[in-house]
Amino acid sequence: MASIIVSDVSVDIPIYDVSSASLRKMVLSRAVGGRFAQAGSHVSVSALKNISFEARHGDRIALVGNNGSGKSTLLRVLSEVYPPTSGTVRVSGRVSPLFDATLGMSMDATGWDNIYMCGQLWGLTRGEIEAGIADIVAFTELGDYLSVPVRTYSTGMMLRLAFAIATLRAPDVMLIDEVIGVGDGRFFEKAFARLRGVVERSSILFVASHADDILRLLCNKAIWLENGSLMAYGDIKEVIAAYRGSRGSDDVRMHGADTNTVRPVVPA
Amino acid sequence: MHTLLEVIRRDALSAFKAWRLWTMLAWNDILLRYRRSILGPFWITLSMAAFIAVLGVIYSRIFNVDVATYLPFLTLGYVTWGFIAQTVNESCGAFQEGERIIKQLRLPYGLYVFRVVWRNFLIFLHTIVIFVPVALVFRVWPGAHGLLAVLGIILLLANLNGIAMVLAILAARFRDIAPIVVTVMQILLFATPIMWPVSSLGGAVWIAQINPFYHFIELIRAPLLGDAPPLLSWTVALGSLILGSVLSLLLLNRAAKRIVFWV
């Protein structure tokens with residue numbers, strides 16, 4: 001049974017611009033007796049501040065908040081990609097992060113080759129991949145296209161393939177960052193149906209998205225992040241209402257101008 | 001000691017166990033580089049062979065040595081050096097190359113280093129074949145000593161893993177490391193007995209002996225030319241292996257939590 005305990009986690013992300021990443025600064029600061037020590041010490045952004053929460057089996061948690069509020073950082077902490085600067089994260093169960101569905105795809109390899117290559121990267125054994133081939137073929141509807149290089153695919157075809165491979169195995173903990181809001185309406189319908197299947201088989205789900213409709217369909221809880229702080233955690237309706245309420249008249253601009261906002265057609 | 005064992009268990013061994021993944025990535029890198037090319041990685045073989053043929057004929061005259069002695073010597077030295085230099089240079093980008101994976105999946109960092117070393121080892125296997133016709137034409141028969149070259153290759157691979165890890169970490173943090181390394185390797189091509197025999201140093205043979213790359217090459221070149229490599233070369237290669245491994249593991253232990261922010 002998967003469980004997640006996040007206690008008092010903060011994450012500072014160091015920013016290295018070109019000059020502070022270079023040796024010159026470091027050598028200089030030594031040579032002049034630390035006069036430039038300030039320049040050598042890097043700037044960091046505190047992306048998460050003292051976050052604490054717990055998630056148990058059956059929790060499907062939506063992450064809401066503005067751009068830069070820490071949603072992606074939190075997902076990366078849960079996938080153990082970002083080590084917390086302070087605090088502890090305890091995750092039990094197999095975690096599968098789905099941030100970049102096309103990860104590991106090679107444009108010059110055929111669809112078949114990519115199924116094996118990406119599958120291995122996602123941690124699947126050859127046996128698991130072979131068992132899932134029929135499923136991938138059915139979902140992607142790529143047919144003979146699977147025998148030609150991915151380079152010749154349209155964006156939608158590529159996405160279908162990537163998505164099918166990435167969601168082949170239902171993990172204990174699934175982390176999703178805005179991957180379903182792309183593709184055309186029909187792809188979205190299929191992807192959404194598939195995702196629901198995966199979600200039902202996995203134990204805990206986190207989805208970061210700006211599309212409230214999708215979140216309401218997939219999730220039962222929500223976490224609202226603002227400037228790296230946890231504002232609310234609880235029932236999805238209440239949290240989203242509080243989040244939207246706090247934005248007041250900003251709401252209109254948010255849906256209109258924000259390029260990250262995704263508003264796909266939700267199947268009835 | 002305890003931290004060392006912990007890093008070995010957590011990073012080195014788990015990275016090694018993922019061999020399917022890094023051999024796959026390495027092979028895919030080669031396929032990508034030579035997509036739709038008919039000769040594929042054999043282009044490197046061809047260009048190296050041409051270089052060796054021209055240089056071999058001219059330099060054997062300059063150094064006044066028999067071409068039958070010089071060409072096999074040059075072939076082995078230059079091909080091995082190509083492997084070493086390319087691996088060392090490319091290791092500086094090992095983590096940047098894996099950035100997309102590093103930012104999404106928590107995989108052991110050794111994997112990205114093994115990928116670079118393995119990729120170049122596969123290319124080395126493509127280029128070392130140049131020695132076969134050279135050996136046939138000039139009637140070089142390594143004999144039983146030739147088997148020692150296998151040990152030499154294993155020692156070189158092991159050494160390169162340590163060196164590559166250290167450089168990969170440092171170069172991810174300090175972007176000036178990569179050009180420095182390229183420059184150093186360029187100079188070392190001429191400062192290492194590859195194109196000239198070590199005997200031409202006369203009394204200054206220490207210039208070769210303080211250079212670990214000379215010993216790495218000697219452990220492969222000497223046995224394939226039918227000689228046993230000197231004890232000093234074995235000692236240096238083993239010593240640098242221990243030193244490099246310890247250094248790379250300690251550095252990895254220090255840097256592991258920050259690499260994701262550096263790439």
Side-chain angles (χ1 to χ4, degrees), chain A residues 11-27 42 44-45 47 72-73 75-85 91 95-110 113-114 116-126 149 151 166 175 177 179, chain B residues 10-11 14 17-37 40 92 95-109 111-112 115 167 169-181 183 253-263:
Chain A
V11 174
D12 294 336
I13 299 179
I15 307 292
Y16 301 94
D17 60 48
V18 182
S19 60
S20 76
S22 82
L23 267 177
R24 188 167 45 122
K25 280 279 167 67
M26 206 156 155
V27 174
H42 47 73
S44 65
V45 167
S72 298
T73 306
L75 288 175
R76 285 191 168 143
V77 168
L78 294 174
S79 68
E80 290 178 272
V81 165
Y82 280 175
T85 311
V91 179
V95 182
S96 197
L98 183 51
F99 306 153
D100 173 3
T102 58
L103 184 75
M105 277 223 152
S106 170
M107 292 303 119
D108 290 293
T110 65
D113 291 342
N114 269 300
Y116 282 94
M117 290 192 307
C118 296
Q120 281 188 52
L121 199 56
W122 289 107
L124 275 73
T125 63
R126 277 191 95 79
R151 180 165 31 87
L175 311 169
D177 196 1
V179 280
Chain B
R10 195 184 55 213
D11 288 290
S14 57
K17 270 192 218 148
W19 63 273
R20 273 176 192 282
L21 204 51
W22 47 263
T23 51
M24 187 266 288
L25 289 170
W27 182 240
N28 192 40
D29 288 337
I30 293 179
L31 289 182
L32 260 172
R33 216 177 282 180
Y34 297 99
R35 66 173 168 138
R36 290 160 71 192
S37 133
C92 293
F95 293 142
Q96 282 98 308
E97 195 175 74
E99 179 188 352
R100 282 182 70 197
I101 307 177
I102 290 174
K103 293 236 166 108
Q104 175 152 340
L105 301 172
R106 177 71 186 95
L107 297 172
Y109 283 110
L111 186 140
Y112 307 98
R115 169 194 189 174
L167 289 176
I169 296 172
L170 293 178
R173 175 65 183 84
F174 302 105
R175 297 302 164 94
D176 300 273
I177 299 281
I180 292 174
V181 168
T183 312
N253 186 45
R254 259 183 73 99
K257 287 194 161 199
R258 276 168 285 178
I259 290 172
V260 67
F261 301 118
W262 292 343
V263 292

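Residue numbering restarts at 1 for every chain, and letters A, B, ... go by the order of the sequence lines.
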What one should report as the nearest heavy-atom pair of B/Arg100 and A/Thr102 is NH2-OG1, 3.1 Å
Heaviest contributor of heavy-atom pairs below 4.5 Å to chain B, chosen from A/Arg76, A/Arg126, A/Met107, is A/Arg76
On a heavy-atom basis, the closest approach of B/Arg106 and A/Ser79 is CB-O, 3.7 Å
Here the gap from A/Asp113 atom CG to B/Leu31 atom CG, rounded to the nearest 0.5 Å, amounts to 8.5 Å
For residues 23-33 of chain B, the side chain to side chain donor-acceptor pair (under 3.5 Å) pairs (sequence neighbours left out) are B/Asp29-B/Arg115, B/Asp29-B/Arg119
Whatever's closer than 4.5 Å to a heavy atom in chain B on A/Thr85 counts as neither
Closest non-hydrogen contact found for A/Leu121 with B/Leu107 is CD1-CD1, 4.3 Å
Please check if the side chain of A/Gln120 supplies one atom and the backbone of B/Met24 the other of a donor-acceptor pair under 3.5 Å. no
Point to revise | Crowding at CZ, B/Arg20 (>12 non-hydrogen neighbours, <6.0 Å) | key: no
dist A/Asp108:CG -> B/Tyr34:OH (nearest 0.5 Å) comes out at 14.0 Å
A/Glu80 meets the salt bridge (charged side-chain N to carboxylate O under 4.0 Å, His left out) criterion, sequence neighbours left out, with none
Side-chain donor or acceptor of B/Gln104 paired with backbone N/O of A/Leu103 under 3.5 Å: no
Okay, B/Leu105 and chain A: the region with an atom under 4.5 Å from a heavy atom over there is both
